[in-house]
Participant: 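First, the structure itself, so that you have it in front of you.
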Amino acid sequence: MHGLVTALVLAVALAASATAHAVEAVNVRLDTPAIDLTAATQQQRTEGDRIQVSTAPGPDGIVRRIEVRAREANNNWAVFALTNNSDEQIDRLIVVPHYRMVGSGLIWPDLGLSRVVGITPSSGDRPVRQESTAADIFRVTLDPGTVITFVAELRTNKLPQIYLWEPDAYKDKVNSFTLYQGIVIGIAGLLALFLTILFVVKGSVMFPAAAALGWAVLIYIGIDFGFWGKVFDMSAGAERVWRASGEAILSATLLVFLFAYLNLSRWHVRYAHITIAWLAALGALVAVAVFDPAIASGIARISLAGIAVLGLALVIYLSTHGFDRAVLLIPTWILLVVWTFAAGLAVTGAVTNDIIGPALLGGLVLIVMLIGFTVMQHAFAGGITHGIVSDVERRALALTGAGDMIWDWDVSADKIFTSPETEQALGLKRGSLEGPAANWLDILHSLDRDRFRTSLDSVLEQRRGRLTQDFRLRSADGHYVWFTLKARPVVGSDGEVVRVVGTLTDVNDFKNAEERLLFDAVHDNLTGLPNRELFIDRMEAAFAFARSDSNIRPSVMVIDLDRFKQVNDSVGIAVGDSILLTIARRLGRLLKPQDTLARLSGDQFAVILLSEREPARIVAFSETLRRALRAPIVFNDREIFLTASIGLALAEGAPHRTEELLKDAELAMYYAKRIGGDRIEIFKPAMRARKTDRLTMESELRRAIERQEIKVLFQPIVRLEDRAIAGFEALARWDHPKMGRLSPAEFISIAEEIGLIVDLGLFVLDHTAKQLSHWQAELPKGHEPVFASVNVSSRQLLRHDLIQDLRGVLSRTPLTRGTLKLEITESLVMENPEHAAQMLSRIKELGAGLSLDDFGTGHSSLAYLQRFPFDTIKIDQSFVRTTSRGTRPVLLRSIIALAHDLGMEVVAEGAETDSDAVELYQMGCEYAQGFAFGEPMTSEEALDLLIEKPARPRTLKIASE
């Protein structure tokens with residue numbers, strides 16, 4: 001019976017325990033200071049409170065079995081074996097750390113506790129526990145030639161690391177890390193104390209935020225290094241709570257610093273809401289850490305990584321939008337992201353080096369130190385400014401007396417004050433514009449808000465300079481009014497901007513005139529339709545769409561009125577303009593929104609047709625246009641009948657052509673006109689064969705200079721003050737032996753295409769310089785030097801040889817400096833502004849004058865005009881001849897005032913009547929040019945006009961018509 005009971009007890013014991021397989025013994029050598037036993041250790045989990053282990057084979061090769069019973073009702077075990085093959089007794093320390101950052105985990109991290117309850121050997125004395133707050137340490141003795149299997153009872157199922165250390169080597173390691181930890185804690189403490197003192201001295205919110213971050217880092221590394229455990233003698237469980245709370249606090253203070261340093265609450269209230277919600281969640285983690293430190297620590301680590309990554313994206317975004325604070329923070333924040341990535345590799349176990357944990361904590365202190373340096377730049381930037389407030393008061397009184405509107409932003413209180421006149425101009429109630437700067441965003445035009453916000457931020461960051469900005473404010477009835485803000489920062493004794501003070505100026509009339517001027521540059525003055533330049537631009541856009549969508553097939557029509565010159569001569573120019581307006585309206589009513597109608601020249605219109613795609617429907621639409629133009633126009637009980645020749649170019653199979661398609665349509669139109677007019681002709685390649693006569697003209701033009709067929713005539717330019725001749729414009733004419741005298745419009749384009757324009761331009765330039773030198777020599781002493789202007793083509797300006805040619809001409813002919821002027825069109829200099837600016841500066845240095853021709857017909861010249869060294873502006877005749885347009889005085893006055901502000905003189909082309917001359921003189925225009933002042937003449941006739949009255953320059957009589 002007793003044997004049966006014993007058998008049953010043994011069976012129950014075997015059922016309640018697990019058997020560990022035999023382990024392989026690790027050889028312990030005398031010359032090895034430390035051995036990592038983690039990989040050689042088997043972890044087991046049993047159902048009961050005991051485990052049976054097969055020992056490692058002894059020196060005799062026998063495998064024995066031992067049974068170990070748990071002391072604290074644990075069922076987690078670790079088994080390893082050691083052997084001493086030497087002839088000496090070996091003493092070693094088995095070290096199992098409580099907490100190890102490496103491999104602790106990102107979610108539900110292992111925050112550390114005592115790992116080992118005790119260790120049972122298979123033979124010999126039980127290992128003796130050593131006192132330590134950072135690890136479970138057991139001292140073991142290995143006799144010579146012994147093999148001992150150790151069974152460690154674990155408190156948790158996690159065993160981060162188990163090492164076998166030589167006692168003196170372990171002591172040296174602990175001492176070395178203690179020295180390093182002391183240095184890092186000392187630096188962190190001094191840094192936190194310094195940032196706190198800086199916070200006391202400076203009142204900006206970024207300084208307490210930086211100080212809080214410094215103290216949070218000090219607390220966190222003190223916990224990780226076990227410093228606070230030595231000071232306060234906290235338990236192992238309390239250390240886990242403090243560790244989780246420290247990570248949550250570190251994440252929270254980093255978020256507060258980012259928000260405060262970037263001052264995100266100034267313009268974006270939603271940033272403040274997001275930050276407050278995030279901080280509330282991190283604050284709740286401190287409470288969660290009391291109950292479950294692992295959950296709180298995992299969320300805090302994820303939050304820290306999110307703040308680092310999102311913060312970098314925010315810093316880069318603000319840096320690209322001109323926020324200087326963000327630019328200064330980029331290096332530090334990139335280092336923080338790198339640190340976060342390295343910490344992630346460490347806690348996930350991708351990096352297992354023993355020094356990675358202390359190195360990361362040292363790097364965290366380095367990051368806080370860089371943040372401190374960044375904050376110090378703001379703490380000690382700027383200087384003490386004396387007497388500025390009183391100076392601002394005096395300026396404000398002067399501006400009030402002058403009627404300007406005052407604009408004042410109290411930065412510390414974030415309140416803007418502006419004069420009552422501003423609100424009156426907008427029709428708003430008094431006080432509507434007073435309040436935080438962010439409130440102005442609501443009344444600013446949507447396109448001006450970012451510039452306004454960025455400019456104010458820039459002034460606050462730089463603490464110097466002047467703010468000049470144009471923006472639109474919404475009035476009470478919903479329309480926008482243009483204002484110009486000119487302000488400067490007022491720096492206080494602490495180096496920070498305390499106010500931004502300046503003036504507001506109503507520039508709505510000037511802006512409207514400028515917009516009208518820009519509109520007229522690309523639109524026809526009479527009809528308001530796009531001009532040739534805008535029409536070509538829209539053609540390019542249409543063909544760009546056609547290249548991406550095969551269903552789009554742009555077609556181009558050129559419409560030219562038949563015998564319109566005779567109609568214009570019979571009814572007068574005013575009635576002729578009315579007829580053109582009527583024609584434009586008729587054509588416009590037949591087009592759809594996607595089509596474009598433009599006026600290319602006097603009686604010539606063009607259409608980009610996108611609404612029709614089939615060739616038959618396109619031809620039918622062209623016939624509709626032709627019939628619409630044939631309808632009579634009634635004027636003063638008189639019916640006027642007009643017909644038109646229409647040239648049509650289809651984009652079939654060639655959607656890449658732009659201006660070429662327009663030329664094809666023009667060729668078809670001229671063909672229709674030649675065969676009688678009032679018809680529609682579709683372009684055919686055979687029509688190009690009719691251009692053979694052009695080849696003959698090209699060959700004849702090449703010999704025209706040699707045969708002295710090119711003549712240079714001079715058209716007078718009159719000084720409006722005394723109606724005296726001030727200079728001449730050189731005009732080239734070709735005396736063709738068969739076709740008679742040809743104007744530049746008939747051969748200049750050919751010269752440019754065949755490359756003869758350079759020789760032709762040099763001929764005109766040299767001839768004009770010689771005549772000008774002769775005139776200046778013949779004029780009596782005391783006579784104001786006469787000047788002469790010569791047109792320069794694009795081919796000449798693009799060549800660097802123009803400088804050499806001009807230098808040679810000036811060296812051969814003695815001229816008064818600046819009297820030989822080169823006329824360059826506005827569109828030409830805008831083709832390549834950078835190259836043009838260099839060329840014009842070199843021309844100016846040689847002593848030649850510069851005149852900007854056809855001003856007002858190009859694109860965006862206002863932005864570049866001040867960069868070009870022009871001394872004269874020639875206003876295009878389209879602005880001078882629009883006598884019936886009410887906007888002419890505003891545009892002319894604006895152009896003349898602009899030229900005078902830039903130190904330039906003004907020549908008005910197309911002034912044909914005495915009233916035009918008087919009006920231009922009253923506006924401040926210095927010179928005028930037109931056929932009424934004299935038609936182009938030879939050099940001898942020009943000299944006769946100049947010396948007719950030697951005592952005083954000759955005054956031309958202005959024609960009455």
Participant: Strictly by modelled atom types, are Q708 and D735 linked by a side-chain donor-acceptor pair under 3.5 Å?
Facilitator: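 Absent: no donor and acceptor within the cut-off.
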Participant: Tell me whether N531 contacts the main-chain N or O of L534 through its side chain, where contact means a donor paired with an acceptor under 3.5 Å.
Facilitator: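 Between the backbone of L534 and the side chain of N531 there is a qualifying donor-acceptor contact (under 3.5 Å).
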Participant: How close do P530 and A598 get, heavy atom to heavy atom, and via which atoms?
Facilitator: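 Shortest heavy-atom separation between P530 and A598 comes out as O-CB, 3.1 Å.
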Participant: Should L810 and L806 count as side-chain neighbours, where that means a heavy-atom distance under 4.5 Å?
Facilitator: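 Yes, at least one pair of side-chain atoms sits under 4.5 Å.
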Participant: Determine yes or no for a side-chain-to-main-chain donor-acceptor pair under 3.5 angstrom, with D853 supplying the side chain and K874 the backbone.
Facilitator: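 Checking the backbone N and O of K874 against the side chain of D853, no donor-acceptor pair under 3.5 Å is found.
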Participant: So do L892 and L920 actually touch side chain to side chain, heavy atoms under 4.5 Å?
Facilitator: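 Yes, close enough: below the 4.5 Å cut-off.
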Participant: Flag the pair V558 / Q604 as yes when at least one side-chain heavy-atom distance between them is below 4.5 Å, and no otherwise.
Facilitator: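 Yes, side chains in contact.
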Participant: Salt-bridged, R702 to E709, with N to O below 4.0 Å?
Facilitator: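 Salt bridge flag = no for E709 with R702.
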Participant: With a 4.5 Å limit on heavy-atom distance, are the side chains of L765 and L822 in contact?
Facilitator: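 Yes. Closest side-chain heavy atoms under 4.5 Å.
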Participant: Output all residues satisfying side-chain contact (heavy atoms from CB on, under 4.5 Å) with D678, sequence neighbours left out; order by chain, then residue number.
Facilitator: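 Here the qualifying residues are D562, R626, R630, T643.
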Participant: Restricting to pairs with a member in residues 701-729, which pass ring-ring contact (aromatic ring centres under 6.0 Å, His included), not counting sequence neighbours?
Facilitator: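 Sorted pair list: F714-W775, F728-W775.
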Participant: Can you confirm whether D560 sits close enough to Y670 that some side-chain heavy atom of one is under 4.5 Å from a side-chain heavy atom of the other?
Facilitator: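 Heavy-atom side-chain distance check fails, nothing below 4.5 Å.
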Participant: Which residues satisfy the side-chain contact (heavy atoms from CB on, under 4.5 Å) test with E926, sequence neighbours excluded?
Facilitator: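 Partners of E926 under the side-chain contact (heavy atoms from CB on, under 4.5 Å) test: H900, E905, V906.
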Participant: Is there a donor-acceptor pair under 3.5 Å between the side chain of Q715 and the backbone N or O of M937?
Facilitator: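 Here the side-chain-to-backbone pair does not exist.
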Participant: Could you tell me whether a side-chain N or O of S773 sits under 3.5 Å from a main-chain N or O of P814, the two making a donor and an acceptor?
Facilitator: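 Between the backbone of P814 and the side chain of S773 there is a qualifying donor-acceptor contact (under 3.5 Å).
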Participant: Looking at E721, is its backbone amide N or carbonyl O close enough to the side chain of R719 to form a donor-acceptor pair, meaning the two atoms are under 3.5 Å apart?
Facilitator: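 No: the side chain of R719 does not pair with the backbone of E721.
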Participant: Search all heavy atoms of Y927 against all heavy atoms of A726 and return the closest pair with its distance.
Facilitator: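 Heavy atoms only, the tightest pair is CE2-CB, 3.4 Å.
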Participant: Scan side-chain atoms only and decide if E729 and Q929 contain a donor-acceptor pair under the 3.5 Å cut-off.
Facilitator: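 A donor-acceptor contact under 3.5 Å links the two side chains.
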Participant: Identify, with sequence neighbours excluded, every residue that meets side-chain contact (heavy atoms from CB on, under 4.5 Å) alongside S841.
Facilitator: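 Expected list: P869.
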Participant: Measuring from atom CD1 of I633 to atom CZ of F641, what distance do you get when rounded to the nearest 0.5 angstrom?
Facilitator: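 Interatomic distance, I633 CD1 to F641 CZ, rounded to 0.5 Å: 10.0 Å.
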Participant: Any sub-3.5 Å donor-acceptor pair from R599's side-chain atoms to G602's backbone N or O?
Facilitator: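 Checked: pair present.
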Participant: May I ask you to test the L600-F605 pair for a side-chain heavy-atom distance under 4.5 Å?
Facilitator: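 Side-chain contact under 4.5 Å: no.
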Participant: Within this structure, what is the CG-CD distance for the pair L850 and E823, rounded to the nearest 0.5 Å?
Facilitator: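 CD of E823 is found 10.5 Å from CG of L850.
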Participant: State, yes or no, whether a side-chain contact exists between I583 and D603 at a heavy-atom distance under 4.5 Å.
Facilitator: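 No, too far: nothing below the 4.5 Å cut-off.
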Participant: Run L840 and R842 through side-chain contact (heavy atoms from CB on, under 4.5 Å) and show every step you take.
Facilitator: CA-CA 5 Å; L840 295 179; R842 297 180 64 184; over 6 Å; no
Participant: Once you round to the nearest 0.5 Å, how far does CZ of F870 lie from CG of L852?
Facilitator: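 That separation rounds to 4.5 Å.
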Participant: Assess the residue pair R679 and E681 against the criterion (salt bridge (charged side-chain N to carboxylate O under 4.0 Å, His left out)); give the C-alpha distance rounded to whole Å, side-chain angles, the decisive distance to 0.1 Å, and a yes or no.
Facilitator: CA-CA 7 Å; R679 59 188 298 122; E681 287 294 331; 3.0 Å; yes
Participant: Tell me whether E941 contacts the main-chain N or O of T938 through its side chain, where contact means a donor paired with an acceptor under 3.5 Å.
Facilitator: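 Answer holds: yes.
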Participant: Inspect the surroundings of NZ in K844 and state if more than 12 heavy atoms from other residues, nucleotides or ligands are less than 6.0 Å away.
Facilitator: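 Counting neighbours around NZ of K844, more than 12 heavy atoms of other residues, nucleotides or ligands fall under 6.0 Å, so yes.
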Participant: Report yes or no: does S811 contribute a side-chain atom to a donor-acceptor pair with the main-chain N or O of G808 at less than 3.5 Å?
Facilitator: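 Yes, because the side chain of S811 sits within donor-acceptor range (under 3.5 Å) of the backbone of G808.
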Participant: Less than 4.5 Å apart, any side-chain heavy atom of I896 and any of I873?
Facilitator: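 With C-beta onward as the side chain, the pair stays apart.
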Participant: Under the side-chain contact (heavy atoms from CB on, under 4.5 Å) criterion, do I646 and M669 qualify, and how do the steps go?
Facilitator: CA-CA 5 Å; I646 301 178; M669 181 272 294; over 6 Å; no
Participant: Mind checking ring-ring contact (aromatic ring centres under 6.0 Å, His included) for H767 and listing every partner two or more places apart, or none if nothing turns up?
Facilitator: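 Once residues adjacent in sequence are excluded, H767 has no partner under the ring-ring contact (aromatic ring centres under 6.0 Å, His included) criterion.
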Participant: Donor-acceptor check, side chain of Q776 to backbone of V786, threshold 3.5 angstrom: yes or no?
Facilitator: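 Yes.
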Participant: Just grab all the side chain to side chain donor-acceptor pair (under 3.5 Å) pairs involving residues 579-588, residues at least two apart or on different chains.
Facilitator: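 Output for this query is empty, none listed.
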